[in-house]
Every structure is written in C-alpha cells, then in structure tokens.
Engineer: 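Sharing a structure below in structure tokens format, with a few things to ask.
Below, read A as the first sequence line, B as the second, and so on, with proteins coming before strands; counting in each chain starts at 1. As the structure is a prediction and not an experimental result, all values here were calculated from the model.
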Amino acid sequence: MLQLPSLYAENIHRWLPEMLYYCQATLAIAAASFVVAVVIGIFFALCRTSRYGLLRAIAIVYIEIARGLPIVVVLYIVYFAPPQIFPDWNWRWFTTFAGAVLGLGIHGGAILAEVFRSGIEALHRGQREAALTLGMTPAKAMAYIILPQAIRIVLPPVANYAIGLLKDTALCSLIGANELMNDAKSIAFADYQPMAVFVLAAALYFAMSYPLSLGVRYMEKRMSHGR
Amino acid sequence: MTPARAMRYIILPQAVRTMLPPITNFAIVLLKDTAIIFAVGVVEIMALARQLVTETIQSAAVFMVVGVIYLCMTIPMARIAARLERAKQAWQ
C-alpha cells in the first residue's frame, strides 16, 4: 500500500493515456448496447402488452430466459455459439465489439422490456380508449398518446439501467473485447502491478459512472417536481 | 412492551413480510453474479464450462447447457419472488 504513490509517480505517464484511450471503447460499447437494448426492449414490451397470445408468449419466453441468465453466460453464448452453429457463414464482421454489444443488448433488452411494460401498464386504459374514440388508429394512439407518457414514467429506471450497463461492460473483457478492463488486465500482468493498475481502473470507472448517477439524481428530483 | 419486545413481536414480523420479495430478488441477482467469480480463479460452473470448451471446442453446446442450468436455478426463484410479492400485496 505504501509504495502506491511512488508506483503511480513512476508509471502513470504510461498507464493513464492508454487506459483513457480504452475508456472510449468502454463508453462506445455502453452507448451502442444501450441503443440495442432500448430497441429490443420497446419491441418486446409492445409484444408483451399485445392482444395476440402468440406475441405475448414469445415475449414472455424471451424475457424469462434473458433475465434468468447471468450476463457472462449471455455474452459467451452470443459470442461463441453462432459461429459454431453456422460455420459456413461469414463471421469476419462479428468482432468482440459486436459480440459485446449484442450480448449486453440482449440482456438489457429483457430488463428494459419489463420496465417499458410497467410504464405502458401504469397509464390508465382511458387514455387509449379516448385516443381511439377520437379516431386514432391503435398504432397512432400508441405512438402519440401512450409512448410519450410512458417514456416520462420509465425515464428514471432506464437511466439507472444505463449506469448499471456502463459497469457491466467490464464483463466484456471476458470475451476479449478491447475495453478498459481488458486493457487494465494486460497492463497489470505485463507490469506485475495488479493492485496499482486495478485501483486506477476503478477510479476511471468511478469517474465515468458517478457523473451519470448525479445526473440521474438531478433528473429524478426535477421530474418529481412536475407531478 | 419493552422496545426489544415491540421489535421482536410487532415490528419485525411485519417488516420481514415487506422485505422478503426484494430480498428474494436480490438473491436471484446474487446467484447470477456468481457466474463472474471464475475470473478470480474460483472453480464453479463457468470455470468448469470454460475448461470443457478448451478440451472439446464445443463452445455452443457447453455454454447453452450452462445457460439451461442457470435457468433451472433462477426461474424457480423468480417464481417464488413473484408469489411472495403477490402474498405481500394481498396482505397489505
């Protein structure tokens, strides 16, 4: 512990620029998988609240499976299984980045589908009935009446999910994605300084996630004023 | 009642009913999070699976079996959590 300051004084000029560079990759994975998760989440939330039993059943199966699996297992299945099941296809595009984004997106999609569903169900049915009475089609009622209000309700839990997602990107190092944790591991083992390097990585993760959680707290405060 | 008795006979029995569903949900999350401890060298399902994959190269089959094993543990727990939640709402 005592030699940590001198270790940093000696090595930080090598470690920090490299790790800051990989922070970008971490943020890129988080942002891309957030988009994927939101798209999947909206789709399955709509299926889950659909009139058609088959769509509901598909959504329930997907949500139960994706939420019941550890993220690591999802990542391993998504990244390693498809190229083995379809060996004849071209998998050159399927980089660790794509695997990480898809894996986190599939896992997050199930979480967000449940969040969005609770948002849709929280609205009074009268909202939809009124929209239909005014001559809107069900799709229009969903797009202009239900979703805008539902989004307001689900924004805080979605933002909390985004913070969790940023931290979950560290798991992508296990399938070899080039992000902060993977870089920290390789520096730690190259320089035989695991503690110093991982403490620095922890500080960088904190520096990325803490502003986000402050922002969420601020947003929650502002939104509670509105009602 | 003494404060200790009030806690023991009045507060705790009610508090536990309210706490049980979130505690169960936390237990599910915890169970899933154990899947990453192979990263520090603990031998559990994931560590075994990774070793099997290096031996057999059947990554798709092995990891899907691992997934089914985790589902067999987490889905019943999720059912229990949902039941506790319903019981809590009926009681309140």
Engineer: Which one wins on heavy-atom pair count under 4.5 Å against chain A: I36(B), V29(B), V66(B)?
Structural biologist: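 Among I36(B), V29(B), V66(B), the one with the most close pairs to chain A is I36(B).
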Engineer: Taking every heavy-atom pair that is under 4.5 Å apart, which of I65(A), I71(A), L69(A) has the most such pairs with chain B?
Structural biologist: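 The candidate making the most pairs under 4.5 Å is L69(A).
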Engineer: Contact between V72(A) and F38(B) at the side-chain level, heavy atoms closer than 4.5 Å - yes or no?
Structural biologist: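 Heavy-atom side-chain distance check passes, below 4.5 Å.
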Engineer: So, for A39(B) and L174(A), which heavy atoms are closest and what is the spacing to 0.1 Å?
Structural biologist: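 Here A39(B) and L174(A) meet closest at CB-CD2, 4.1 Å.
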Engineer: Check whether more than 12 heavy atoms from other residues, nucleotides or ligands sit under 6.0 Å from atom CE of M73(B), and answer yes or no.
Structural biologist: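 More than 12 heavy atoms, drawn from other residues, nucleotides or ligands, come within 6.0 Å of this atom.
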Engineer: Side chains of M64(B) and I85(A): closer than 4.5 Å at any heavy-atom pair?
Structural biologist: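 Side-chain contact under 4.5 Å: yes.
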Engineer: Pairs of donor and acceptor atoms under 3.5 Å between chain B and chain A, please, with atom names and distances.
Structural biologist:
residue, atom, partner, partner atom, Å
K32(B), NZ, R67(A), O, 2.5
R50(B), NH1, Y76(A), OH, 2.2
I57(B), O, Q84(A), NE2, 2.4
S59(B), N, Q84(A), OE1, 2.8
S59(B), OG, Q84(A), OE1, 2.8
A60(B), N, Q84(A), OE1, 2.8
T74(B), OG1, G68(A), O, 2.8

